[in-house]
Amino acid sequence: MLYLGCHLSSSGGFAAMGRTALSIGANTFQFFTRNPRGGQAKAIDPADAQALAELQRSGAIGPIVAHAPYTINPCAAVPTTLDFARRTMRDDLARMEYLPGNFYNFHPGSHVGQGTDEGIRLIAETLDSAMTPEQSTTVLLETMAGKGTEVGGRFAELRAVIDRCKLPEKLGVCLDTCHVHDAGYDIVSHFEDVLAEFDRELGLSRLRAIHLNDSKNPIGARKDRHECIGRGEIGLQALECVLHFAEPRGLPVVLETPNDLAGYAAEIALLRNNF
Ligand code: FE
Ligand code: FE
Ligand code: ZN
């Protein structure tokens with residue numbers, strides 16, 4: 001099954017996101033668990049969560065992806081900043097149990113001069129402090145562009161985090177096409193080779209979700225500027241190859257392109273028509 005959707009605003013609640021997704025030809029979506037600037041998350045209405053869970057049970061909506069606020073740093077050097085990331089993640093994962101069996105994606109963070117190894121150690125410690133054996137959610141580390149001191153620009157770094165965690169079976173990876181391109185992986189001309197490298201470093205079974213974005217910058221630029229599908233340096237053809245990889249595996253594919261809802265609807269139509 002091809003699960004294709006986009007990032008949606010969560011302001012109207014869960015069921016509203018499900019209906020919005022269906023109205024634009026999507027059968028999955030992503031949302032921020034809370035305001036990216038952090039702070040208290042809105043209380044969850046169990047009936048609202050139930051309504052979305054029902055849409056998922058009916059098969060209309062496939063697995064969905066919750067995205068942690070990108071402002072938290074799971075390998076921060078300042079103790080209060082690190083503690084904030086851990087409390088946010090713990091609270092998000094508790095809330096995710098209102099929608100059992102979905103994905104929670106986060107940015108591994110920036111080591112801010114502590115070094116990649118210390119960053120990896122702190123990220124694993126953050127995950128261990130937030131995850132529980134009872135949770136039904138699979139936590140995804142997002143592949144990063146490698147800008148600044150970001151951890152996760154190389155597949156091996158993500159593997160090193162997973163290997164240090166107590167619950168590796170509840171962890172996976174979300175591949176962001178713009179990020180891996182900007183990090184230097186050639187998905188335009190050598191997608192098969194990139195997949196082979198992913199398999200060697202991480203195991204393809206750990207690849208559980210895709211962020212489908214074009215990139216404003218050339219390969220290896222380490223920039224992380226998303227572009228609309230087919231208008232950037234990756235191009236429609238290469239992105240269609242990613243869809244053909246995701247479809248038989250049932251991976252949720254989420255657009256994070258610079259679009260309003262009508263723009264997302266058009267991109268979903270374009271991708272489905274070419275598929
Ligand atoms: Fe992200
Ligand atoms: Fe992303
Ligand atoms: Zn990005």
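Just follow the structure's listing: the first ligand is 1, and inside any ligand the first atom is 1. Excluded from the calculations below are hydrogen atoms, water molecules and symmetry mates; all remaining heavy atoms, backbone and side chain alike, are included.
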Specify whether an N/O/S atom of H107 falls short of 2.8 Å from the Fe ion (ligand 1). yes
Is the NZ or CZ atom of R249 both under 6.0 Å from the centre of the six-membered ring of Y3 and within 45° of that ring's axis? no
Which is the closest N/O/S atom of D176 when seen from the Fe ion (ligand 2)? OD2
Rounded to 10 degrees, the angle ND1 of H211 makes with OE1 of E256 at the Fe ion (ligand 2): 90°
Given V254 and N105, is the side chain to side chain contact (heavy atoms under 4.5 Å, CB included) satisfied, shown in steps? CA-CA 12 Å; V254 177; N105 173 72; over 6 Å; no
Counting backbone and side-chain atoms alike, does C178 have an N/O/S atom under 2.8 Å from the Fe ion (ligand 2)? no
Minimum heavy-atom distance between V65 and P252, given as atom pair plus value: CG2-CG, 4.1 Å
Within rounding of 10°, what is the angle whose vertex is the Fe ion (ligand 1) and whose arms end at OE1 of E142 and NE2 of H67? 100°
Output yes if H211 passes the N/O/S-under-2.8 Å test against the Zn ion (ligand 3); output no otherwise. no
Would you say the side chains of H226 and D224 form a donor-acceptor pair under 3.5 Å? yes
N73 side chain to T81 side chain, donor-acceptor N/O pair below 3.5 angstrom: no
Would you give the angle at the Zn ion (ligand 3) between H179 atom NE2 and D224 atom OD1, to the nearest 10°? 90°
Could you tell me whether Q237 atom CD has more than 12 heavy atoms of other residues or ligands within 6.0 Å of it? no
